[in-house]
Amino acid sequence: SALTIYVVGGLVQYEHYWIATTIGVLSVLLLDLKKGLEGLTKHVASNEIVTVANFSVLSVVILPIVPDRDLTRFHLNPFKTWLVVVAVSGVSFASYVLQRLLKERRGVMLSAVLGGAYSSTVTTIVLAKQAKEEPRPNLFAGSILAASGVMYARLVLLLTLFNRALAAELAPAFSALAIIGGVAGWVASRGDDGTGGGPGRFRDTKNPLELKAAFLFALLFVVILVLTNLARAYLGRAGIFSLATIMGVTDVDPFILGLAQSGPAAMPLRVGAAAIVIAAASNNVIKAIYAYVFADGATGRRTLAMLLALAALGVIPLTWIS
């Protein structure tokens, strides 16, 4: 506060009255909230404060200083690349905050839905491993299916931010798949497991906003963008579709957002839309395999059948897109 006085004085001298007034008012408010802020530090864990700081670094500190121009023959734009990181991190951050706020009331289904908002693949693995220790096939299989349904809603949101033409092309089909996955998952989770248990508890997942993970995502995004351009240039549509199938094994966000960043001249709309459909369906297949491997027998079999069915429904849009 003492140092702020000198700053305000200098700003007034140079006639920056609005900034000086704003700083003065904020200083008074912060001083008045001193006790409340001190109490907040007792109730909010330090890692939660670090989470907010990490997102602030990603969006407020790094993004404005990244150059906004195309580089190399692959048209890599550092600003757009980091904007993708901020957008994906923002969705993850919102989901993570909701999980923390609802910590006392959340069960497996609610946490699966929120987890699907930042990574349905991670959520599937976490739930499958938990199911092996707490066999409740209907609850866990239904929750995993619901998380995969949320994946389609998340993809529509991200595509809307970066390529509205692609979003418009895929929104009807993906919205229907999100509803089918969510409703069918919820209905399945309500089935009687014969345990007489409640809604179950969900174990905390790792903080999705670590800076190391953000930089790794940026690197992965650039690599996949280069691979996509090479596949398009030398292998054509077959190369793009093959790459989409392979990318479904991991996180589909970097590949799909790489397609969204490509202009219509570099990537025809229908080719990009078809590749996204294939990648999402491929991701559901690999999640079905993960669940079958990591979960108990009953949960694994039910999840395998459900996710393979969702993947089959997910490729139907290819009939009118490609």
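Here the structure is a predicted model, which means the values were calculated and not measured.
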Joint hydrophobic cluster, [X] plus [Y], side-chain heavy atoms closer than 4.5 Å:
X    : Y    : result
V28  : V12  : no
L26  : I19  : no
V8   : Y17  : yes
V156 : W320 : yes
V86  : V57  : yes

With a 4.5 Å limit on heavy-atom distance, are the side chains of [X] and [Y] in contact?
X    : Y    : value
F241 : V271 : yes
L127 : T299 : no
L83  : F162 : yes
L308 : V285 : yes
I144 : M306 : no

Would a distance-only check, ignoring hydrogens and angles, find a side-chain to backbone donor-acceptor pair under 3.5 Å from [X] to [Y]?
X    : Y    : answer
S175 : P172 : no
R69  : P78  : no
R154 : G116 : yes
T303 : A291 : no
S120 : S148 : no
W82  : L58  : yes

On a heavy-atom basis, which atom in [X] and which in [Y] lie closest, and how many Å separate them?
X    : Y    : result
A178 : A153 : CB-N, 3.9 Å
G258 : L225 : O-CD1, 3.4 Å
M109 : G185 : CE-O, 3.6 Å
V113 : A146 : CG2-CB, 4.3 Å
L159 : A260 : CD2-CB, 3.9 Å
V150 : A117 : CG1-N, 3.6 Å

Start with the C-alpha distance between L310 and Y152, add both sets of side-chain angles, then the distance that settles side-chain contact (heavy atoms from CB on, under 4.5 Å), and finish with yes or no. CA-CA 11 Å; L310 185 62; Y152 283 104; 4.2 Å; yes

Would you compute the distance between atom [atom1] of [X] and atom [atom2] of [Y] and round it to the nearest 0.5 angstrom?
X    : Y    : atom1 : atom2 : answer
I286 : T245 : CD1   : OG1   : 12.0 Å
L170 : L155 : CG    : CG    : 9.0 Å
L257 : F221 : CG    : CZ    : 6.5 Å
L235 : L227 : CG    : CG    : 11.0 Å
T4   : L11  : OG1   : CG    : 10.5 Å
F140 : E134 : CZ    : CD    : 4.5 Å

Take R190 and V187 through the side-chain contact (heavy atoms from CB on, under 4.5 Å) test and state the conclusion after the steps. CA-CA 5 Å; R190 305 287 292 179; V187 171; 5.7 Å; no

Taking CZ in F294 as the centre, count heavy atoms belonging to other residues, nucleotides or ligands within less than 6.0 Å. Is the count above 12? yes

So with a 6.0 Å cut-off around CG of L3, is the heavy-atom count from everything else above 12? no

Step-by-step side-chain contact (heavy atoms from CB on, under 4.5 Å) determination, N284 to M151: CA-CA 10 Å; N284 282 330; M151 175 194 72; 3.9 Å; yes

Pick out which of T228, I224, I256, V252 makes a side chain to side chain contact (heavy atoms under 4.5 Å, CB included) with M247.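 Testing M247 for a side chain to side chain contact (heavy atoms under 4.5 Å, CB included) against T228, I224, I256, V252 leaves exactly one candidate, I224.
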
Report the C-alpha distance between F174 and V277 in whole Å, list the side-chain angles of each, state the deciding distance to 0.1 Å, and finish with yes or no for side-chain contact (heavy atoms from CB on, under 4.5 Å). CA-CA 9 Å; F174 277 17; V277 168; 4.0 Å; yes

